Amino acid sequence: MPVRSCASSSRLLVRRLAELGRVSDEAGRLTRTFLSPAMRRANALVGGWMREAGLAVRVDATGNLIGRLEANCRAGSPNPARIDPLGGGVRRPRPTKTLLLGSHLDTVRDAGKFDGALGVLLPIVALGELRRRGVALPFAVEVLGFSEEEGVRFSGAYLGSKGYAGELRTADLKLCNARGVSVREVLEEFAKTKFTPPRAAHRSRDLLGYVETHIEQGPVLEKRKLAVGVVSAIAGQTRGRLTFRGQAGHAGTTPMALRRDALAGAAEFVLLAEALARGCEPLVATVGAVAVAPGAPNVIPGEVVLSLDVRHPRDGSRRAALQLLLVGAKKIARVRRLAVAWQPTQDNGAVACSPQLTALLEQSVRAVQRRSLSLVSGAGHDAVVLSALTPVAMLFVRCRDGLSHHPDEFAASADLDVALQVIVDFLRRLAQASPS
Ligand code: GLV
Ligand code: MN
Ligand code: MN
């Protein structure tokens, strides 16, 4: 199957990434968190682009943006879900399977503009490209902009995809942010009604799979001089909060030997986590947020809450590392006469990508850039949660210096063009492989 250039569509993609990258909750830097005002503006902007492409758009109870194109319908022409060829009533579309494409629209604090956004905007542009070529797909497509993947507002991630996949649990709803506001309260404020955890948006048997395009967020593709690669598996991830409690007191009058300084204990733990992970590659362990109370220069820290994020491609190794870290935390606390408590907020096992979808994606990658490369993702992705509902596959796009979760995050237009060609080619291959 000849691969055609998508030059004008990839220019549109670049322009839209830049425009969405300006939709922020904070002046001067990009931050969009779960159900925030900027997330509402992002849904409106991206929803407009979806409508322009002929998709039927809705926002679900968890704040996810969903654009749907029925089967055998060219994006941009009337959606057969809404028209009646005989001029009376609403025609029900023939039941067909649905392919899910997407990623998340939320960001970390002071983010780059590609993480998540690329995987939402690229499929919209890809459907537009197919329309221009007069290609209709024999399956329905849903483009998904998940409302929460990063776990910034509440330390547990994937609230958006969990809502869509019917995987939101009571424990997720009880998670509280730093001000003690729960996920449930925020959802009820968003919907202005009582929140009941939704059922999955689809039955598994009605789905073809979920395909997510994402920047690599690491250096491998750059090192191998490849624009794109295909993900074989996503590493498992544990997150939680570790609280050290000591005794606040006067910084000028309390002798050093009598102190129970929670921050000194927490600092020791940070170094322990670093040393353990350094010695156990490919284990990674990160303390990314620290809250010190009462937080004054002349008061001994009485309480410190640390975030801990532990990842490994093998679940057994991740669990073993976590146990070692928690034993280490207890030891530090004992020696320093502190109390310590662990509150897990997220626990996801490693996820293997679908061999069938991945093989098809690899064919497309080879058709576009001749060589394909298989990578394991150390980053978490919405595909982790979607894998409970349907087979998943992921396309990675090279990013400069492997840098992500940083405002300098960058993917070259030429690489985005390759990714777009791959996804367009993949959709055509999947169409050929699907009964019409
Ligand atoms: C999401 O970007 C994660 O891997 O933390
Ligand atoms: Mn992401
Ligand atoms: Mn991210």
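Keep in mind it's a predicted model, so treat the numbers as computed, not measured. Every number for a ligand or one of its atoms is a count from 1 in the order of the listing.
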Between atom CZ of Arg336 and atom CD of Glu268, what is the distance when rounded to the nearest 0.5 Å?
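It comes to 4.5 Å.
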
When rounded to the nearest 0.5 angstrom, what is the spacing between CG in Leu173 and OG in Ser182?
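That separation rounds to 7.5 Å.
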
Does the residue His381 have a heavy-atom contact with ligand 1, meaning some pair of atoms that are separated by less than 4.0 Å?
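Outside the 4.0 Å threshold, so no.
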
Return the name of the atom in Asp115, of element N, O or S, nearest to the Mn ion (ligand 2).
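The Asp115 atom nearest to the Mn ion (ligand 2), restricting to N, O or S, is OD1.
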
Just give me the atom name: the N, O or S atom of His214 closest to the Mn ion (ligand 2).
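Nearest to the Mn ion (ligand 2) within His214's N, O and S set: NE2.
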
Going by distance only, is there an N or O of [X] that falls short of 3.5 Å from an N or O of ligand 1?
{"X": "Gly380", "answer": "yes"}
{"X": "Asp309", "answer": "no"}
{"X": "His405", "answer": "yes"}

Which of the atoms of ligand 1 are close to Ala379, meaning less than 4.0 Å from one of its heavy atoms?
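So the atoms of ligand 1 that pass are 4 (O).
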
Does a donor on one side chain and an acceptor on the other come within less than 3.5 Å for [X] and [Y]?
{"X": "Ser372", "Y": "Glu362", "value": "no"}
{"X": "Thr33", "Y": "Asp106", "value": "no"}
{"X": "Asp110", "Y": "His405", "value": "no"}

Output yes if His405 passes the N/O/S-under-2.8 Å test against the Mn ion (ligand 3); output no otherwise.
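Yes, His405 qualifies, because one of its backbone or side-chain N, O or S atoms lies under 2.8 Å.
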
Would you say the Mn ion (ligand 3) has Glu149 as a near neighbour, meaning an N/O/S atom of that residue under 2.8 Å away?
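So Glu149 does not bind the Mn ion (ligand 3) by this criterion.
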
Report the part of Arg239 (side chain from C-beta onward, or backbone N, CA, C, O) that has a heavy atom under 4.0 Å from ligand 1; answer both or neither where that applies.
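The answer is the side chain.
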
Can you tell me which portion of Glu150 lies within the under-4.0 Å heavy-atom range of ligand 1? Options are side chain, backbone, both, or neither.
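The side chain, only.
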
Look at the side chain of [X] and the backbone N and O of [Y], then say whether any donor-acceptor pair between them is shorter than 3.5 Å.
{"X": "Arg32", "Y": "Val23", "result": "yes"}
{"X": "Lys97", "Y": "Arg205", "result": "yes"}
{"X": "Thr345", "Y": "Arg239", "result": "yes"}

In terms of heavy-atom contacts, does CZ of Arg278 have more than 12 from other residues, nucleotides or ligands at under 6.0 Å?
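Result for CZ/Arg278: open.
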
Closest Glu150 atom to the Mn ion (ligand 3) [N, O or S only]:
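For Glu150, the N, O or S atom at the smallest distance from the Mn ion (ligand 3) is OE2.
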
Can you tell which of His214, His104, Arg311, Gln346 gets a heavy atom nearest to atom 3 (C) of ligand 1?
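Looking at heavy atoms only, Arg311 sits closest to atom 3 (C) of ligand 1.
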
